[in-house]
Amino acid sequence: PNHNSTNMAQDINRLPPQNLEAETALLGCLMLDKDGIINVADTIISDDFYDLRHRLIYEAILTLFEKSTSIDVLTVANLLDERKDMDRVGGASYLASLVNSVPSSAHATYYATIVKKKGTLRRLIHSASEITNMAFGEEGEIEDILDVAEQKLFNISQSNLKQNFVPISSVLHDTFE
């Protein structure tokens, strides 16, 4: 058997990069510290989370942040309930367990770095798989395939640089209130 095809078959059965402990710790930190989201909102996107429950919880936290609403277990639970996602995330007891899993919110940025890295690696694997399929398919001109491959990799590298900019008016308003 071809050594490369053996490696590809093994890769299919491997678990994608993820760190559920870092995900739970990050979400716990964000619900413990009302200002914690400020430190990670510009780097973490919901797709960085491997666990669907964690994606939904993070999306709720981001929504509360964007609405300048306090972020804690109760407000997150309320929003998830309104969205009919409470059962999907494991209920209020799961949210409470996230907060109880961390002694303090001091390491939120460290956990965010881990979550971001794992999410980026998963996107890289997904894009590499798509590029591999295009190459095996041999459809289209080689220049077009190379352009698509380059664009996919460029998009991943750019997502690591993205920042969410906030209008200065909202910062000034919050500052002088």
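Quantities reported herein were computed from a predicted structural model and do not represent experimental measurements.
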Checklist entry - When you measure from the side chain of Asn100 to the backbone N and O of Ala96, does any donor-acceptor pair fall under 3.5 Å? => result yes

Which class fits the ring pair Phe49 and Tyr58: parallel under 30°, tilted 30 to 60°, perpendicular over 60°? tilted

Answer yes or no: are there more than 12 heavy-atom neighbours, outside Glu150 itself, under 6.0 Å from its atom CD?
no

key: Sidechain-backbone polar pair: Thr113 side chain, Thr109 backbone, donor-acceptor under 3.5 Å   = yes

To the nearest 0.5 Å, atom NZ of Lys67 lies from atom CG of Leu62 at 12.5 Å

Shortest non-hydrogen pair, Thr24 vs Glu21, comes out as OG1-O, 2.9 Å

| message | side chain to side chain donor-acceptor pair (under 3.5 Å) for Gln151 and Asp147? Distances and angles first, verdict last. | response | CA-CA 6 Å; Gln151 188 62 48; Asp147 284 345; over 6 Å; no

Is Ile131 reachable from Ile125 through a run of hydrophobic residues whose side-chain heavy atoms are each under 4.5 Å from the next? no

- Should Tyr111 and Ile38 be regarded as members of a common hydrophobic cluster, given that ILVMFWY residues are connected when their side-chain heavy atoms come within less than 4.5 Å of each other, either directly or indirectly? yes

Lys116/Ile44 under side-chain contact (heavy atoms from CB on, under 4.5 Å): CA gap, chis, key distance, verdict
CA-CA 6 Å; Lys116 181 68 175 177; Ile44 299 293; 3.7 Å; yes

Min side-chain heavy-atom separation Val102-Leu26 under 4.5 Å
no

Output for pair (Leu30 CG, Asn39 CG), nearest 0.5 Å, gives 9.0 Å

Indicate yes or no: at least one non-hydrogen side-chain atom of Ile61 is less than 4.5 angstrom from one of Ile57.
yes

Between Ser105 and Asp33 the two heavy atoms that sit nearest each other are OG-CB, 3.2 Å

Side chain Thr132, main chain Ala128, donor-acceptor under 3.5 Å
yes

Query raised in the report: Side-chain contact, heavy-atom cut-off 4.5 Å: Tyr110 with Val115?
Result: no

What one should report as the nearest heavy-atom pair of Leu121 and Pro17 is CB-CG, 3.8 Å

Do Leu56 and Arg88 make a side-chain contact, defined as non-hydrogen atoms from C-beta onward lying under 4.5 Å apart?
yes

| query | When clusters are formed by joining ILVMFWY residues with side-chain heavy atoms under 4.5 Å apart, either directly or through shared neighbours, do Ile114 and Leu27 land in the same one? | reply | yes

For residues Val73 and Leu80: do they belong to one hydrophobic cluster (side chain heavy atoms under 4.5 Å, members Ile, Leu, Val, Met, Phe, Trp, Tyr)? yes

Between the CD atom in Glu59 and the CG atom in Leu64, the distance rounded to the nearest 0.5 Å is 12.0 Å

>> Does Glu141 have more than 12 heavy atoms from other residues, nucleotides or ligands lying within 6.0 Å of its CD?
In response: no

Can you confirm whether Glu139 sits close enough to Met134 that some side-chain heavy atom of one is under 4.5 Å from a side-chain heavy atom of the other? no

Value for NZ (Lys34) from CZ (Phe65), rounded to nearest 0.5 Å, stands at 11.5 Å

Would Leu98 end up clustered with Leu74 when hydrophobic side chains under 4.5 Å apart are linked, directly or stepwise?
-> no

To the nearest 0.5 Å, atom CG of Leu124 lies from atom OG of Ser159 at 10.0 Å

State, without any angle test, whether Asn19 and Glu23 hold a side-chain donor-acceptor pair at a distance under 3.5 Å.
no

Go through it in stages, so that I can follow the logic: the residues are Lys118 and Tyr50, the test is side-chain contact (heavy atoms from CB on, under 4.5 Å), and I'd like the CA-CA distance, side-chain angles, deciding distance and then a yes or no. CA-CA 8 Å; Lys118 301 297 183 177; Tyr50 179 74; over 6 Å; no

Quiz item: More than 12 heavy atoms of other residues, nucleotides or ligands under 6.0 Å from CG of Asp87: is that the case?
Solution: no

Are any of the side-chain nitrogens in Lys117 or Asp48 under 4.0 Å away from the carboxylate oxygens of its partner?
no

Heavy atoms of Ser93 and Gly90 approach each other most closely as OG-O, 3.8 Å

Side chain to side chain donor-acceptor pair (under 3.5 Å) with His126: of Arg123, Arg122, Glu130, only one passes, and it is Glu130

One should read off an interatomic distance between Arg55 CZ and Asp85 CG, to the nearest 0.5 angstrom, of 13.0 Å

Using side-chain heavy atoms (C-beta onward) and a distance below 4.5 Å, is Ser127 in contact with Ile156?
yes

Closest heavy-atom pair, Ala60 versus Leu79, reported as atoms and distance to 0.1 Å, is O-CD2, 3.4 Å

_Could you check whether any side-chain N or O of Thr75 sits under 3.5 Å from a backbone N or O of Ser70, counting only pairs where one atom can act as donor and the other as acceptor?_
yes

